[in-house]
Number of protein chains: 4
Amino acid sequence: MRPGTETGGQKTRTFVEQARRAQVVESAIEVIAKEGYANASLARIARHTGISRGLISYHFAGKDELISRVLVTVFGEVAAYMGPRVEAERTAVGQLRAYIESNLAYMDAHRSRIAAVVEIISGGGLATLGVDPIQAEEESLMPLAELFRRGQVDGEFRAFDPLIMARSVRGVIDSMAPRVTDVDLDLKACARELTTLFELATRNPSRRDNESPDVSGAKPS
Amino acid sequence: MRPGTETGGQKTRTFVEQARRAQVVESAIEVIAKEGYANASLARIARHTGISRGLISYHFAGKDELISRVLVTVFGEVAAYMGPRVEAERTAVGQLRAYIESNLAYMDAHRSRIAAVVEIISGGGLATLGVDPIQAEEESLMPLAELFRRGQVDGEFRAFDPLIMARSVRGVIDSMAPRVTDVDLDLKACARELTTLFELATRNPSRRDNESPDVSGAKPS
Amino acid sequence: MRPGTETGGQKTRTFVEQARRAQVVESAIEVIAKEGYANASLARIARHTGISRGLISYHFAGKDELISRVLVTVFGEVAAYMGPRVEAERTAVGQLRAYIESNLAYMDAHRSRIAAVVEIISGGGLATLGVDPIQAEEESLMPLAELFRRGQVDGEFRAFDPLIMARSVRGVIDSMAPRVTDVDLDLKACARELTTLFELATRNPSRRDNESPDVSGAKPS
Amino acid sequence: MRPGTETGGQKTRTFVEQARRAQVVESAIEVIAKEGYANASLARIARHTGISRGLISYHFAGKDELISRVLVTVFGEVAAYMGPRVEAERTAVGQLRAYIESNLAYMDAHRSRIAAVVEIISGGGLATLGVDPIQAEEESLMPLAELFRRGQVDGEFRAFDPLIMARSVRGVIDSMAPRVTDVDLDLKACARELTTLFELATRNPSRRDNESPDVSGAKPS
DNA sequence: TATGAATGAGCCTTCATTCAT
DNA sequence: CATGAATGAAGGCTCATTCAT
């Protein structure tokens, strides 16, 4: 009987168990980021980890669970990084800026983790996960949509569909993700452009105290 | 050996050949859109087409060529649809709006084609195609970036990095693509929101005749 | 009904039929010699001939018959070349020399034909031909063995097993065949060495008039 | 992924691994010898071994490696058998006789192994092995050519091209190989004939102490 | 806990051959 | 006579997973 298989289970994981799982997840991230999801067979991950093929199956219910853990791990880190920074802001406008900036900052600082996630998603890794990518995205959009709603109520934002705007913000940020492997990509410059872009796109023109974002200094890439 | 394989050769395809290839491509689109790229084996596509496994290999150099044809076909249609509509506009602002609207209009009208492409791309189908996704995206960005540059020179657009803005537009549009399978998704509403979004984000505030886009009627989704 | 398929058939081949068959056989020889037997699919041969795949099946009962015709053609030419030259000699010793020399001379002059035969034989082409290679070889050995027997009766040759000696002669000659593709291989020098070799090995030492072959001028290769 | 695949790696094969590999190699020899190389698919070999198809792929990098192992195994055994017997002789003449006799003796004692090798070579098995048959033969000729050179320097052998003579010896021996399946073939008689043949063909006539080989007792086959 | 061995399904591809036109 | 279209079998290979030790 494998650990964590007990039905209805309390996840009673021993220390070794937890360590192994973490180790394998890290290893998987490296392999996926470097070799591509298509080449990330369990055999390859096992070899890169320095353990046997069977041990992965022992610690994870299947490849699906391992991949799932990779995603949960990285997305968890992203949330842990962004959350406090967004919540530190008092205005919706400030929170939006913090959202974009902190998201791109994390991507900049953890490029291989992002690369792994991109590889999984664009490599078909979601297909067998039983994850509905649409619903998953929907949920990830909720906080952002809520942020926009609050900003509209407060009069900081103009009228627009909060969900579509949220999807747009995510779409723009996510479209940067596949490019993190390009070391020349200047994510800080992107962050400046994107905050400006969405401040212009969302601000309420009838609000006097809404200072115009600085629009002068853009340089061509 | 397939017909028309001669290196450097004339692509002398017979009528039947062309018809079969087109039929198989259509069939592949349906299978991929419905069953997912991971399940779209040649065997499955053949069965769905009502032909033998070998016949696909007879008409296509390999799975790669078939998938490639699917992409070329759909992207070709998209370009054929958008091109005239964008070029019909005289101002950069108008072209940008036409670009967004016509792209989403095509997506709206050909959802299963878009779904197939999404499945291929997010299912790892690009990996074996020898297509560098980064470079491919870069090229698809060029016309848009050029549009922005012209608009900046003309004073229609404010100063911003044309490439990042181009990537943003594409990012937002592409982020809608995986959702076309959701029949409730109102792409026309999206189009309205997105044209407004990018008009606000790009317009030159120091230009008097730059009429403000209508910002009043947005409804929550 | 294909030509030549009539049961118990008179081979009534039209002129065109004969020409086509000859053309395809020549084409097959070229393809096999150049690309190797493993790559000599009917499709490849058809393309090289400039005709359709089906036409080969139309003119030949199957791939086996085509390959068979290649072998019969080349072996027939070899026999036609060697026969007169061997029979022109009056002594068994002379015939043996003529046998070796004319065989190597043909090989020298028709290297690509020999290469094709070698490719077929060493490429598994005999397996499906229903040809028992052992029996085939046995038959090809008969004239040579007979030659040796006559020479022994006449007292030209010493006592030895004629069949084994025949096999040895063929073995040595055949061992040169795979090397004809090496343009540096000097088959004339080989012929000189081999005639000497077998004259020494077969001559009857108790026969006074048996002139010693010249043994002085050998050069290292 | 197979064990022991690490590039540049230590070949740490477990005991079971070694045993399985040996078992499969033996099994492959049997199948190839009995059914022919063309029919020796991995599936057939697996069934004959009593294991699953996948297990062969697990233990061998591919069919090529398996076939390669068969050849290496048999050729290694041949060398191990012949080497000491040749080296035990003090004269070049003696070594030549030992070479021929021991080679044929091995063939006589291991007919199915020889049959397998013959099947592989004459069945096209070398084509995908990346083995240049010409070069491979060249190397196998070296020791023999060297033997002849030494004998010529010592005055035991007459003047002749050592390489051509070496090729002749091998050619004659190899021409016996395809016949080992014939149980009536008397390889011991062949050995007697061939040693005499090559002693006559190579001996230095100007050397007094060069005793004439016995030439009297040959029987017709 | 951990391993190496073993399985079996599925995939893409090649190819000789057949057939309607 | 000749073609191109179509078939179906077979082959080698990869891979997640299971199991005895």
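By convention in this document, chain letters (A, B, ...) are assigned in the order of the sequence lines, proteins followed by strands, and residues within each chain are numbered from 1.
- For B/His59, no side-chain nitrogen or oxygen approaches OP1 or OP2 of F/dG4 to under 4.0 Å.
- Taking the side chain as every heavy atom from C-beta outward, D/His59 and D/Arg13 never approach each other to under 4.5 Å.
- For the contact set between residues 29-38 of chain C and DNA chain E, defined by any heavy atom under 4.0 Å, there are no members.
- Protein atom NZ of C/Lys63 is 11 Å distant from nucleotide atom C1' of E/dT14, rounded to whole Å.
- The side chain to side chain contact (heavy atoms under 4.5 Å, CB included) check on D/Ala115 picks up D/Ala33, D/Val180, D/Thr181, with sequence neighbours excluded.
- Note: CD (C/Gln23) to C1' (F/dA2) measures 13 Å, nearest angstrom.
- What separates CZ of C/Arg44 from P of E/dC15 is a distance of 8 Å, to the nearest Å.
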Test salt bridge (Lys or Arg N to Asp or Glu O under 4.0 Å) on B/Lys34 and B/Glu119 and set out the steps. CA-CA 9 Å; B/Lys34 243 176 279 180; B/Glu119 269 295 326; over 6 Å; no
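- Taking every heavy atom of both residues into account, D/Leu129 and D/Ser68 meet most closely at CD2-CA, 4.2 Å.
- Positionally, the nearest nucleotide of DNA chain F for B/Gln18 lies more toward the 5' end than for the other of B/Gln18 and A/Gly62.
- The residue among D/Ala40 and A/Asn39 whose nearest nucleotide of DNA chain F is located toward the 5' end is D/Ala40.
- The side chain of B/Ser41 sits closest to E/dC11 out of E/dC11, E/dA16, F/dA16.
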Here DNA chain F, pairs taken as Watson-Crick or G-U under 3.5 Å and shown with ( ), [ ] when crossing and | when to another strand, reads .||||||||||||||||||||
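- Look at CG on D/Leu42: it is 16 Å from P on E/dA6, rounded to the nearest Å.
- Between D/Ile121 and D/Tyr37 the shortest side-chain heavy-atom distance does not fall below 4.5 Å.
- Within the 4.0 Å cut-off from OP1 or OP2 of F/dA5, at least one side-chain nitrogen or oxygen of B/Thr14 is found.
- Atom CD1 in C/Ile45 sits about 11 Å away from atom P in E/dC15, given to the nearest Å.
- No side-chain heavy atom of D/Phe60 sits less than 4.5 Å from a side-chain heavy atom of D/Leu42.
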Under the criterion side chain to side chain contact (heavy atoms under 4.5 Å, CB included), I'd like the reasoning laid out for C/Arg53 against C/Arg44: C-alpha separation, chi angles, the key distance, then a yes or no.
CA-CA 9 Å; C/Arg53 247 191 283 359; C/Arg44 208 112 141 196; over 6 Å; no
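- Side-chain atoms of B/Ile45 and B/Leu66, non-hydrogen and from C-beta on, do get closer than 4.5 Å to each other.
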Using atom types as modelled, flag every donor-acceptor pair under 3.5 Å from a side chain in residues 22-29 of chain B to any protein atom, sequence neighbours excluded.
{"unit_1": "B/Gln23", "atom_1": "OE1", "unit_2": "B/Arg20", "atom_2": "NH1", "d": "2.5"}
{"unit_1": "B/Glu26", "atom_1": "OE1", "unit_2": "B/Arg113", "atom_2": "NH1", "d": "3.0"}
{"unit_1": "B/Glu26", "atom_1": "OE2", "unit_2": "B/Arg113", "atom_2": "NH2", "d": "2.8"}
{"unit_1": "B/Ser27", "atom_1": "OG", "unit_2": "B/His48", "atom_2": "ND1", "d": "2.9"}
{"unit_1": "B/Ser27", "atom_1": "OG", "unit_2": "B/Thr49", "atom_2": "OG1", "d": "2.8"}

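- When side chains are defined from C-beta on, D/Ile67 counts as touching D/Ile32, because their heavy atoms get closer than 4.5 Å.
- Atom CZ of B/Arg47 is separated from atom C1' of E/dC11 by 13 Å (rounded to the nearest Å).
- The side chain to side chain donor-acceptor pair (under 3.5 Å) analysis of residues 120-131 of chain D, with sequence neighbours excluded, yields the pairs D/Asp64-D/Thr128.
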Walk me through whether B/Asp132 and B/Leu126 qualify under side chain to side chain contact (heavy atoms under 4.5 Å, CB included). CA-CA 8 Å; B/Asp132 180 3; B/Leu126 255 42; over 6 Å; no
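- In this structure, the CZ atom of D/Phe15 is 16 Å from the C1' atom of F/dT21, given to the nearest Å.
- E/dA5 atom C1' lies 14 Å from atom CZ of D/Arg21, rounded to whole Å.
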Report, one pair per line, the protein and nucleotides 7-9 of chain E atoms (nitrogen or oxygen only) whose separation is under 3.5 Å.
{"unit_1": "E/dT7", "atom_1": "OP2", "unit_2": "D/Ser52", "atom_2": "N", "d": "2.9"}
{"unit_1": "E/dT7", "atom_1": "OP2", "unit_2": "D/Ser52", "atom_2": "OG", "d": "2.8"}
{"unit_1": "E/dT7", "atom_1": "O5'", "unit_2": "D/Ser52", "atom_2": "OG", "d": "3.4"}

